[in-house]
Amino acid sequence: AGLSAAAASMLNADRKRKSCRSQKAPVKSRGGESIDTVPIKPARLATTEINYYKLDGIDAPKVIESVRSGLKAMKQIIEATGSADEKLRASLCDEQVMSAL
């Protein structure tokens, strides 16, 4: 005994609706111990958490060189003829400037 097309459609719609409900997830403190549970959105609506405390170290000389390279590229574009708007757009579209940002 198979389901009619309408019944199957209703079943699928109900499953999709249920999969979009909030779920509960444990909340942990920085030390790792569980302190509470809170509702969360489904994975397709969830955001990505960035743990700034665990980022790699900063290579200051590399960052400074990148910024200098971007500024040199901007200087050449800004010294060219054209409107301020054109110069700004060209600067922000430059590969070296984008890399520095």
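Being a predicted model, the structure only gives us computed values, none of them experimental. Each residue takes its place number in the sequence, starting with 1.
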Distance-only donor-acceptor hits, side chain of residues 77-93, under 3.5 Å, sequence neighbours excluded:
{"from": "Ser83", "atom 1": "OG", "to": "Glu86", "atom 2": "N", "distance (Å)": "3.1"}
{"from": "Asp85", "atom 1": "OD2", "to": "Arg89", "atom 2": "NE", "distance (Å)": "3.0"}
{"from": "Glu86", "atom 1": "OE1", "to": "Ser83", "atom 2": "N", "distance (Å)": "3.1"}
{"from": "Lys87", "atom 1": "NZ", "to": "Ile78", "atom 2": "O", "distance (Å)": "3.0"}
{"from": "Lys87", "atom 1": "NZ", "to": "Ala80", "atom 2": "O", "distance (Å)": "3.1"}
{"from": "Ser91", "atom 1": "OG", "to": "Lys87", "atom 2": "O", "distance (Å)": "2.8"}

| field | Co-members of Ile64 in a cluster of I, L, V, M, F, W and Y side chains, linked at under 4.5 Å | value | none
| remark: Between Ala100 and Gly70, the two heavy atoms sitting closest are CB-CA, 4.1 Å
| Mind checking whether Met74 and Leu101 sit in one hydrophobic cluster, side chains of I, L, V, M, F, W, Y counted as touching below 4.5 Å? | yes
| query | Roughly how far, to the nearest 0.5 Å, is CD of Gln96 from CD of Gln76? | reply | 8.0 Å
| field | Taking every non-hydrogen atom, the tightest pair across Asp94 and Ala73 | value | OD2-CB, 3.5 Å
